[in-house]
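Reading through the structure tokens given below for one structure.
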Amino acid sequence: MYSSVFAGIILDQAAMLIPMDDHMVHRGHGVFDTAAIVNGFLYELEQHLDRFLGSATKAKIKPPFDKETIKRILVQTVSASSCKNGALRYWLSSGPGDFQLSPSGCHASALYAIVIQDQAPPNYKGIKVITSSIPIKPPQFATMKSVNYLPNVLSKMEAEESGAYAAIWLDEQGFVAEGPSMNVAFVTQENELLMPSFDKILSGRASKRVLELVGDLVKKGIVGGVKVRDVSVEEGKRAREMMLIGSGVIVRPVLQWDDQVIGNGKEGAVTESMRNLILEDMKNGPSTVRTVIPY
């Protein structure tokens with residue numbers, strides 16, 4: 001773990017602490033992001049850092065360091081951990097200081113990071129989702145990756161209580177939005193890859209990378225084209241394929257949404273091909289998406 005409060009990297013788990021008077025703890029005034037660690041490389045660290053700092057700006061948190069210093073700290077933290085496969089999660093908070101509502105009494109913003117070792121092999125089996133009854137965050141907060149995840153938690157719990165993996169949010173107009181920690185995508189009956197617009201939801205880095213790579217599948221004829229636009233529930237449920245996309249799930253097939261079986265109830269060729277694209281990119285992609293860790 002790294003903590004700017006303690007000004008260094010912590011190796012003793014018992015000392016990996018955040019002060020209770022940190023406003024991220026008692027007021028939720030903080031933002032975070034995550035980068036995968038794959039075979040000793042950080043995947044899309046630069047891209048995640050840009051979103052991270054963008055979220056900090058929206059949350060009115062001035063980072064204690066510039067981008068390059070933060071990047072160096074994060075790389076050093078992974079190096080000190082010796083972790084070759086896992087995840088690096090990092091936070092910016094308005095910092096410790098007091099228990100008031102305003103952060104005006106905070107001494108300085110704080111940067112925290114922790115390395116999480118993979119404990120189990122990834123699971124790409126098909127899943128069921130439901131439509132969430134938990135209200136979606138308004139766009140101002142949905143497009144910011146803040147620590148205010150109570151709606152996400154309740155949405156995930158609702159799904160689990162129904163025997164599903166995740167609950168899908170709809171926006172205020174009833175269009176498909178996103179899952180609690182992942183984006184949604186479809187393959188239409190015309191074999192086009194279809195994603196909901198990102199203007200009211202979190203711009204998922206995995207989804208953005210899929211859009212950058214999917215041209216290879218178009219060239220091979222595996223998918224006919226790509227569209228990013230509003231998607232109705234009816235259109236989504238009659239899709240040939242449905243999938244969740246995110247750093248935690250990579251690309252995972254959805255076989256049932258509420259009572260509607262998607263396609264033929266099996267993982268489709270586009271879903272599988274897109275997952276393989278991302279996994280290959282994570283392992284052997286260009287230096288623009290893979291940051292080497294000097295162990």
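In this text the structure is predicted, and so the values were computed from the model without any measurement.
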Practice problem: Check step by step if side-chain contact (heavy atoms from CB on, under 4.5 Å) holds for L211 and V228. | Solution: CA-CA 9 Å; L211 292 174; V228 178; 4.1 Å; yes
[X] and [Y]: same hydrophobic cluster, using ILVMFWY side-chain contacts below 4.5 Å?
{"X": "I245", "Y": "L277", "value": "yes"}
{"X": "V292", "Y": "L88", "value": "no"}
{"X": "V176", "Y": "V261", "value": "no"}
{"X": "L279", "Y": "L213", "value": "yes"}
{"X": "V251", "Y": "V289", "value": "yes"}

Answer whether the closest heavy-atom distance between the side chains of [X] and [Y] falls below 4.5 Å.
{"X": "D230", "Y": "P196", "answer": "no"}
{"X": "T131", "Y": "W257", "answer": "yes"}
{"X": "V210", "Y": "M195", "answer": "yes"}
{"X": "P294", "Y": "V75", "answer": "yes"}
{"X": "K145", "Y": "F52", "answer": "no"}
{"X": "I37", "Y": "V78", "answer": "yes"}
{"X": "L255", "Y": "K128", "answer": "no"}
{"X": "L202", "Y": "E178", "answer": "yes"}

Would a distance-only check, ignoring hydrogens and angles, find a side-chain to backbone donor-acceptor pair under 3.5 Å from [X] to [Y]?
{"X": "N85", "Y": "D118", "result": "no"}
{"X": "H23", "Y": "D98", "result": "yes"}
{"X": "E158", "Y": "I130", "result": "no"}
{"X": "Q100", "Y": "G105", "result": "no"}
{"X": "R27", "Y": "F99", "result": "yes"}
{"X": "D258", "Y": "Q260", "result": "no"}
{"X": "S4", "Y": "L111", "result": "yes"}
{"X": "R240", "Y": "Q189", "result": "yes"}
{"X": "S3", "Y": "V5", "result": "yes"}
{"X": "S81", "Y": "C83", "result": "yes"}

From [X] [atom1] over to [Y] [atom2], what is the distance, rounded to the nearest 0.5 angstrom?
{"X": "L53", "Y": "D50", "atom1": "CG", "atom2": "CG", "value": "7.0 Å"}
{"X": "Y124", "Y": "M243", "atom1": "OH", "atom2": "CE", "value": "15.0 Å"}
{"X": "H48", "Y": "F32", "atom1": "NE2", "atom2": "CZ", "value": "11.0 Å"}
{"X": "Y165", "Y": "L244", "atom1": "OH", "atom2": "CG", "value": "7.5 Å"}
{"X": "L217", "Y": "K219", "atom1": "CG", "atom2": "NZ", "value": "11.0 Å"}
{"X": "S146", "Y": "W91", "atom1": "OG", "atom2": "CH2", "value": "13.5 Å"}

Practice problem: In sequence, state the C-alpha distance, the side-chain angles, and the governing distance for V129 and Q256, and then conclude on side-chain contact (heavy atoms from CB on, under 4.5 Å). | Solution: CA-CA 6 Å; V129 299; Q256 184 177 334; over 6 Å; no
Give the minimum heavy-atom separation between [X] and [Y], together with the two atoms involved.
{"X": "V31", "Y": "A59", "answer": "CG1-CB, 3.8 Å"}
{"X": "G97", "Y": "H107", "answer": "CA-NE2, 4.0 Å"}
{"X": "N191", "Y": "G221", "answer": "ND2-O, 4.4 Å"}
{"X": "I168", "Y": "G179", "answer": "CD1-CA, 4.4 Å"}
{"X": "G30", "Y": "I61", "answer": "CA-CD1, 3.8 Å"}
{"X": "R51", "Y": "G204", "answer": "NH1-CA, 3.6 Å"}

Pairing donors with acceptors under 3.5 angstrom, does anything connect the side chains of [X] and [Y]?
{"X": "N148", "Y": "H29", "answer": "no"}
{"X": "T69", "Y": "D66", "answer": "yes"}
{"X": "E46", "Y": "T291", "answer": "no"}
{"X": "T143", "Y": "K200", "answer": "no"}
{"X": "R89", "Y": "T34", "answer": "yes"}

Check the surroundings of atom [atom1] in [X]: do more than 12 heavy atoms from other residues, nucleotides or ligands lie under 6.0 Å from it?
{"X": "M16", "atom1": "CE", "result": "yes"}
{"X": "K67", "atom1": "NZ", "result": "yes"}
{"X": "Q173", "atom1": "CD", "result": "yes"}

Exercise. Tell me, with the steps shown, if L193 and M274 meet side-chain contact (heavy atoms from CB on, under 4.5 Å).
Key: CA-CA 10 Å; L193 177 65; M274 284 173 46; 3.7 Å; yes
Quiz prompt | E212/R205 ion pair, N-O < 4.0 Å | solution = yes
Exercise. Any chance you could lay out the salt bridge (Lys or Arg N to Asp or Glu O under 4.0 Å) test for R275 and E267, step after step, and finish with the verdict?
Key: CA-CA 11 Å; R275 182 171 62 249; E267 180 177 35; 2.6 Å; yes
Practice problem: Take M24 and Y112, measure what side-chain contact (heavy atoms from CB on, under 4.5 Å) needs, and give me the verdict at the end. | Solution: CA-CA 11 Å; M24 180 172 71; Y112 304 103; 3.9 Å; yes
